[in-house]
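Everything below concerns the one structure shown next.
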Amino acid sequence: MTEPLEQSAAVSESAGGEPTTGFELFPDRSVVAMRVDGELWDLAREVPAGSEPEAVLIDSADGLAILRHSAAHVLAQAVQSINPEAKLGIGPPVTDGFYYDFGVAEPFTPDDLKAFTKEMERIQRAGQRFRRRVVTEDEARTLFASEPFKLELIGLKGAVGESEDGESVEVGGAELTVYENVDPKSGDVIWKDLCRGPHVPSTRVLANGWALTRIAAAYWRGSEKNPQLQRIYGTAWPTKDDLRAYQERLEEAAKRDHRRLGAELDLFSFPDEIGSGLAVFHPKGGIIRQEMEQHALRRHREAGYNYVYTPHITKADLFWQSNHLVTYKEGMFPPIRMDEERDEFGEITKLGQDYYLKPMNCPMHILIYKERARSYRELPLRLQENGTVYRNELSGALHGLTRVRGFTQDDAHLFVTPEQLETEVAKVLEFVISMLRDFGLTEFELELSMKDDEKGKWIGSEEFWQSSTDALRHVALASGLKLTEVAGEAAFYGPKIDLKTRDAIGRVWQLSTVQVDPNLPERFELEFTDSDGAKKRPIMIHRALFGSIERFFAILLEHYAGAFPLWLSPVQVVGIPVADEYADYLGGVIDRLRGEGVRAELDASDDRMQKKIRTHTKAKVPVQLIAGEEDRAAGAVSFRFRDGSQRNGVPVAEAAALIRAAIADRRQVLTADDLG
RNA sequence: GCCGACUUGGCGCAAUUGGUAGCGCACCCGACUUGUAAUCGGGCGGUUGCGGGUUCAAGUCCCGCAGUCGGCUCCA
């Protein structure tokens, strides 16, 4: 993509001049719209005297959105031309593409998709113009009399103002507008849609840079109480080459999908016999996970955290007291009834006791705090646990290791005085980032989730929200990271900061969360004795760095595409003798490395050297040590790295030192130069 | 949970309009082994996710269930 050109044009105020359109101002074909006084306009519109329109290029963010939204219109026209009964939902642009929702009696099939594609190609070739028309609400109701969803949107306009992203595309503007697709030869209106616009000048601008990608169902206006519509997703780009590049990116991403790598590298699986969303880690995955956990544990200890252990199940009482059985019941597994007794007729003779699998660790940590009286001298008290929790996620929501039913939070609960809140949050944030850097992540951004004005959704005093939100914002700003503030996304009891990271191929993942909570201390009546002897209530900070260890494992796996840094690699070094005769010599080197704590193995199988190299390269082993006559004679070994590069004839002692250093430095080793 | 698609030996895939399952890798056995991504030969392995049904005949068609995948909703 090219840098957007700084194109703008001042419209002269010379009296008597012809009205000027965007087409005249911006004859360049790569301009798809213009920005007039901050608003996006169609090029066909007449520019008022005195304004200074700017060009919107097709490969700018706005330009792409316009292109994609226009593609959505072409899709909708194609669908209705083939199936006139299809009712129009909404059709906004999304990341990399667009979708359009339709109300239809029968779900779409892959064959339908092919037919729609052909029809879209025909519409594209026809070079239809998009024509904007301002209408009154009554006119709109008449025009879309047979489109129930559009009528609903017309009714919504003004009633609630700008709401959900998708809907604003239809009726978000100041006035109601309709876009008509006009045949360039006859001038006939072929199709129309309620739409804020703007659009590309002609369907020909689509230039074959699009493709329909999948069919899905989606609830109307995003609520599961509403009927489901059929959604068709597509992708659209300025050129066919851009489209192809995008498709290649998808293939790259698919190759590093953690579910695929997990099976290929023998790291973990989800046996059907155990149940959906419940993972088992295999030996190699176990090593990676253990290294991750051990490193994190060490760092937590250094940072003043106290490790605790708590059970996986508890009597219902605990979650009644925490209120989770009210606020989080649907996320919990059903109870296990204990000690109930019945007579021969099935009548209960002794009441039982319900136990629940824990979906959260906090109440248990709170009980540890509560076990005895606490002094201000103990605060901040940091209780940490890799606590395994169980949540009854909807079956359709499960996804590899990133969305499971049993997972382990690297959880901690920090009990602080109100005065300590800000400093402690600052410490947490610094700690998180430093730790994530240890794992090779480098790009971070923050999101501050705050309350909004919705009534009844939030608890706690206005002062608390004000001061704690300010504290979080202050810390976030001081970090220097990019900060996004989102109103309405806070937990019901307090604000939070979430940390997001960008992986090797640019995808953004939410990892850490830091939440301020005065609610649970209140519910559990937590106290500490302050220096003046008064009993006071601590504030609790919930925080998880990885979020979920399983999920973080998946993120790292995809980030590294399976090629972990040396310290995390299940097998760090594999010895490959050039021929059988050198197996003993190389075995000695491998034994030495093992003695020094390196995960090293000798491949003494009957395979030939070349085959072994292939096998271990595919297994993404970072260091292959090869030895034949030359190496043995010199008391040396030869290195082969993941990218095929070599370093030959390195004396054994030096080789061992290099390997140990790379492990200690947590270095990524892909090529010879990485070894130092 | 909802909508749709998919489900063939450990993995990746084949099986013309329904005519009673093949290949590669992996695995096992034997031989081979001299410098950086596949040595050769032989062998084991599937009542085609599970349960019904239609048919002379079902991996292929129909129904139910489970699981997986793509979305929606939700979310660490």
Side-chain angles (χ1 to χ4, degrees), chain A residues 94 99 101 104 106-110 112-113 213-233 254 257 259-260 263-264 266 269-273 275-277 328 330-331 359-360 387 389 391-411 498 509-513 515 542-552 554-555 576-583 604-619 624-632 638-649:
Chain A
V94 293
Y99 67 78
D101 288 344
V104 281
E106 293 294 319
F108 295 131
T109 67
D112 290 334
L113 220 53
T213 49
R214 54 179 152 259
I215 307 161
Y219 297 106
W220 168 238
R221 303 191 61 225
S223 169
E224 54 186 329
K225 293 182 187 72
N226 289 338
Q228 277 195 337
L229 306 182
Q230 285 287 302
R231 174 171 296 179
I232 296 177
Y233 279 94
D257 187 310
R259 294 166 298 184
R260 173 171 169 169
E264 280 175 9
D266 196 14
S269 60
F270 293 89
D272 285 353
E273 294 85 341
S276 294
Y328 199 71
E330 73 295 345
M360 316 252 177
V389 294
R391 299 184 183 178
N392 187 13
E393 299 294 338
L394 296 179
S395 57
L398 301 174
H399 182 93
L401 283 177
T402 61
R403 196 72 191 280
V404 290
R405 287 193 172 141
F407 63 100
T408 305
Q409 294 179 310
D410 62 331
D411 211 356
D498 291 325
W509 300 87
Q510 196 216 298
L511 292 173
S512 321
T513 177
Q515 306 182 9
H542 305 252
R543 52 110 282 194
L545 305 196
F546 301 154
S548 136
I549 294 177
E550 290 80 356
R551 187 177 131 97
F552 187 63
I555 292 167
I576 301 173
V578 166
D580 250 2
E581 192 193 335
Y582 310 102
S605 69
D606 288 343
D607 290 335
R608 305 261 259 253
M609 177 188 64
Q610 287 83 347
K611 177 62 178 300
K612 292 180 184 179
I613 288 171
R614 179 180 155 83
T615 302
H616 298 109
T617 302
K618 286 184 74 172
Q624 297 176 6
L625 288 184
I626 296 170
E629 185 55 43
E630 289 167 36
D631 288 299
R632 184 171 64 178
S638 294
F639 284 83
R640 186 185 205 276
F641 300 92
R642 280 168 172 149
D643 70 338
S645 59
Q646 304 175 27
R647 186 182 298 182
N648 296 337

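So you know, we letter chains A, B, ... as the sequences are listed, proteins then strands, and number each from 1.
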Quick one: which protein N/O atoms are closer than 3.5 Å to N/O atoms of nucleotides 59-67 of chain B? Pair and distance per line, please.
from  : atom 1 : to       : atom 2 : distance (Å)
B:G67 : O2'    : A:Asp272 : OD1    : 3.4

I'd like a list of close polar pairs between nucleotides 25-32 of chain B and the protein, N/O only, cut-off under 3.5 Å.
from  : atom 1 : to       : atom 2 : distance (Å)
B:A26 : OP1    : A:Lys611 : NZ     : 2.9
B:C32 : O2     : A:Arg608 : NH1    : 3.1

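Within 4.0 Å (heavy atoms only), A:Gln624 reaches no atom of the nucleic acid at all. No engagement by A:Ala544 is indicated, since no non-hydrogen atom pair under 4.0 Å with the nucleic acid exists. Within the 4.0 angstrom heavy-atom criterion, only backbone atoms of the sugar-phosphate kind lie near A:Ala218; the bases stay farther away. Within the 4.0 angstrom heavy-atom criterion, only backbone atoms of the sugar-phosphate kind lie near A:Gln610; the bases stay farther away.
Taking the 5.5 Å centre cut-off and the 30° plane limit, the aromatic side chain of A:Tyr233 is not classed as stacked on B:G71.
Side-chain nitrogen and oxygen atoms of A:Arg214 include none within less than 4.0 Å of the OP1 or OP2 phosphate oxygen of B:G4. At least one side-chain nitrogen or oxygen of A:His399 sits closer than 4.0 Å to the OP1 or OP2 atom of B:G70.
Relative to the six-membered ring of A:Tyr582, A:Arg632 misses at least one condition, a distance below 6.0 Å or an angle of at most 45° to the axis.
The number of heavy atoms from other shown groups lying within 6.0 Å of CD (A:Glu106) does not exceed 12.
Looking at A:Arg403, its side chain comes within 3.5 Å of the base of B:C74 through a donor and an acceptor atom. Donor-acceptor pairing under 3.5 Å, judged by distance alone, is absent between the side chain of A:Glu393 and the base of B:C75.
Among A:Phe407, A:Phe552, A:Trp509, the single residue meeting the ring-ring contact (aromatic ring centres under 6.0 Å, His included) criterion with A:Phe546 is A:Phe552. Of the residues listed (A:Leu625, A:Thr617, A:Ile576), the one engaging A:Arg640 in a side-chain contact (heavy atoms from CB on, under 4.5 Å) is A:Thr617, and it is the only one.
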Would you write out the dot-bracket form of RNA chain B, 5' to 3', with Watson-Crick and G-U pairs under 3.5 Å, [ ] for crossing pairs, | for pairs to other strands and . for unpaired bases?
(((((((..((((.....[..)))).(((((.......))))).....(((((..]....))))))))))))....
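Remark: the separation of the C1' atoms in B:G9 and B:C28 is 15 Å, to the nearest Å. Comparing B:C63 with B:C27, their P atoms sit 42 Å apart, to the nearest whole Å.
For B:U34, the glycosidic angle deviates from 0 by 90° or less, giving a syn base.
In this entry the distance linking CZ of A:Arg260 with P of B:G10 reads 20 Å, nearest Å.
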